[in-house]
Amino acid sequence: MSGPHLSEQEVIRREALAELRNLGIDPYPPEAFPISHTPKEILSQFKDEEAEHWTEVSIAGRLMSRRIQGKASFAVLMDSGTRIQLYFNRDEICPGEDKTLYNTVFKKLLDLGDIIGVKGFVFRTRVGEITVHVTSFTLLAKSLRPLPMVKTDAEGNTYDAFSDPELRHRMRYVDMLVNDGVKDTFILRSRIISSMRRFFDSKGWLEVETPVLQAIHGGAAARPFTTHHNSLDMPLYLRIANELYLKRLLVGGLNGVYEIGKMFRNEGMDRTHNPEFTSMEIYVAYQDYHWMMTMTEQLLENIAKEVLGSTQVEFDGKTLEFKGPYKRISLFDSILEATGVDISQMDEQALREQCKAWHIEVSPEMGRGKLIDEIFGEKVEASLIQPTFITDYPLIMTPLAKKHRNKEGLVERFELFINGKEVANAYSELNDPIDQRQRFQDQLELANRGDEDAMALDEDFLRALEYGMPPASGLGIGIDRLVMMLTGHRSIQEVLFFPQMRPQKDA
RNA sequence: GAAUCCUUAGCUCAGUUGGCUAGAGCACAACACUUUUAAUGUUGGGGUCCUGGGUUCGAGCCCCAGAGGAUUCACCA
């Protein structure tokens with residue numbers, strides 16, 4: 001399990017484990033350890049003038065540091081990220097002649113990282129620190145590996161942080177324990193998602209679950225992970241999107257549905273891409289993408305207020321403002337604004353020449369839509385720091401969106417950009433089954449021309465549309481990226497507990 | 001997939017032009033210490049220098065191959 005070679009410190013801890021058993025102490029006792037307070041409650045609620053109410057507390061946590069001074073000791077116990085100081089006194093722990101419990105068990109056989117429970121009273125030390133004066137302690141779980149020792153001084157400077165990204169991500173449990181703030185990000189992540197749920201639920205929209213294993217990987221342009229069902233003896237794909245299933249539910253009469261869940265895309269990994277990622281997709285009947293922009297503003301503003309207590313987030317020295325309304329500008333206008341060039345009327349050849357003039361690398365198989373996308377990515381995207389809606393995309397890039405009500409060749413689509421990254425994508429959803437079939441067929445042609453990502457045709461989805469889908473607007477939000485924006489992280493790995501990594505040689 | 005950089009003690013890091021027994025801080029062990037808080041003092045132990053080849057009298061260091069990681073690019077929500 002733990003490899004052939006134990007380090008010196010691991011050997012010593014195993015010896016301590018055996019010695020504890022010799023003394024009749026179970027290092028992993030089965031009994032519950034009832035807790036009266038958390039360290040956080042003690043630190044926030046204790047008042048010196050009410051010390052008589054704090055004579056019997058029972059707390060538990062991990063031993064994070066120890067300062068032994070002969071017959072007395074100070075230690076730090078951490079639980080749920082909050083550290084509280086403990087005071088041990090030999091003659092109070094061991095009132096009789098036998099001082100084993102203090103001299104041997106506490107001083108020699110306990111190690112940093114052990115999980116212990118203590119009972120005692122709360123007081124304030126000379127130096128002013130709220131401290132639990134321990135009258136008895138119980139080992140709850142022995143730790144057999146030394147934790148990285150991260151120290152922080154009075155000014156808040158951190159020394160010897162556990163900083164190797166590989167180790168931090170492979171051993172997130174250690175990262176969370178010893179690096180302050182890591183756990184906070186994940187708590188915020190959880191609150192962001194629950195705030196989003198509350199917002200949707202308060203509108204009466206229904207949270208649903210749709211298949212992760214799909215026979216046809218529709219709804220987005222990406223390569224899938226492939227698996228195999230043994231008894232059906234058929235290939236199945238991990239979903240790259242759930243859009244087509246949620247729309248079937250609109251057909252089925254659910255007028256507001258959303259799903260928060262994992263999507264899987266077999267593509268490259270980098271600072272903003274992980275092979276599995278969390279998306280939120282919502283569809284609301286009888287609405288269009290203009291309505292959806294307003295709803296998105298309200299949603300994000302509400303989350304920021306609820307979770308962060310402010311609509312402003314510091315990011316890399318910039319201040320992101322989540323209070324709506326956000327700037328709304330069409331894709332072509334955003335390019336015009338950034339470059340002074342209007343490309344909206346250019347054909348494929350003209351776009352190609354424009355790319356050349358701007359030194360944007362393009363390949364021959366790129367069509368008009370792809371060229372426009374390249375230009376946008378090169379000239380505009382990175383400059384969209386504040387939340388900005390980019391609207392009205394070329395039809396060819398967007399096979400599931402409704403044609404624009406008055407702009408030829410475009411669809412009713414918007415993407416939300418924050419800090420130069422796409423965070424959300426939404427349409428007025430295409431519900432014309434004849435048009436939808438044609439769009440799928442256009443995709444098939446792209447596929448025949450060698451586009452690996454072209455969307456597959458889903459006959460059952462078309463059948464559903466033929467029964468009639470109410471007009472609707474749909475929105476997808478990349479939860480991981482949204483969390484990055486709201487927590488100020490530049491890497492997706494910092495908002496995923498367990499980002500994808502290559503396997504370790506030997507665990 | 002490509003380029004560049006990185007990998008030395010449990011953790012964070014030094015390591016000279018290729019030279020004798022590979023160092024530091026924290027952590028660990030022993031001793032001392034009854035209000036400390038990056039506790040302190042004295043002493044000590046701890047290494048597959050990522051792996052495998054090669055060059056050399058001699059490799060942590062140079063060369064080749066591989067593994068893992070980071071960054072950038074490509075691909076991509």
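Regarding A/Arg90, its CZ atom lies at a distance of 14 Å from the P atom of B/U35, rounded to whole Å.
B/A70 sits 33 Å from B/A59 when the P atoms are compared, rounded to a whole Å. Straight-line distance between the C1' atoms of B/C49 and B/U8: roughly 4 Å, to the nearest whole Å. The C1' atoms of B/A74 and B/G66 are separated by 24 Å, rounded to the nearest whole Å. The C1' atoms of B/U43 and B/C33 are separated by 16 Å, rounded to the nearest whole Å. Between B/U7 and B/C63, the two P atoms lie 14 Å apart (nearest whole Å).
Phosphate proximity of B/U72 to A/Arg271: present, with a side-chain N or O under 4.0 Å from OP1 or OP2. Residue A/Lys71 has no polar side-chain atom (N or O) positioned under 4.0 Å from OP1 or OP2 of B/A32. Between A/Lys108 and B/C31 there is a side-chain N or O to OP1 or OP2 distance below 4.0 Å. Taking only side-chain nitrogens and oxygens, A/Gln9 never comes nearer than 4.0 Å to OP1 or OP2 of B/C11. At the phosphate of B/C11, neither OP1 nor OP2 sits under 4.0 Å from any side-chain N or O atom of A/Lys151. OP1 or OP2 of B/A39 has at least one side-chain nitrogen or oxygen of A/Arg67 nearer than 4.0 Å. Contact annotation: A/Lys107 side-chain N/O to B/C31 OP1/OP2 distance is not under 4.0 Å. For the pair A/Arg223 and B/C75, the criterion of a side-chain N or O lying under 4.0 Å from OP1 or OP2 is not met.
Relative ring orientation between A/Phe414 and A/Tyr289 is described as parallel, the plane-to-plane angle staying below 30° on a 0-90° scale split at 30° and 60°.
Residue-to-nucleotide contacts include no donor-acceptor pair under 3.5 Å from the side chain of A/Glu166 to the base of B/G68. On a pure distance criterion of 3.5 Å, a polar donor-acceptor pair joins the side chain of A/Gln85 and the base of B/U36. Taking only distance into account, the side chain of A/Glu129 meets the base of B/U37 through a donor-acceptor pair shorter than 3.5 Å. Counting distance only, with no hydrogens placed and no angle test, the side-chain atoms of A/Ser163 and the base atoms of B/U12 include no donor-acceptor pair under 3.5 Å.
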(message) Applying salt bridge (charged side-chain N to carboxylate O under 4.0 Å, His left out) to A/Asp442 and A/Arg439, what does each step give before you reach the verdict?
(response) CA-CA 5 Å; A/Asp442 294 346; A/Arg439 303 275 198 95; 5.9 Å; no
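By the stacking rule of 5.5 Å between ring centres and under 30° between planes, A/Tyr159 stacks on the base of B/A38.
For residues 93-108 of chain A, the set of pairs meeting the side chain to side chain donor-acceptor pair (under 3.5 Å) definition, not counting sequence neighbours, comprises A/Ser73-A/Tyr102, A/Asp91-A/Lys99, A/Asp98-A/Thr100.
Contact between A/Arg170 and A/Arg502 at its shortest, heavy atoms only, is NH1-O, 2.7 Å.
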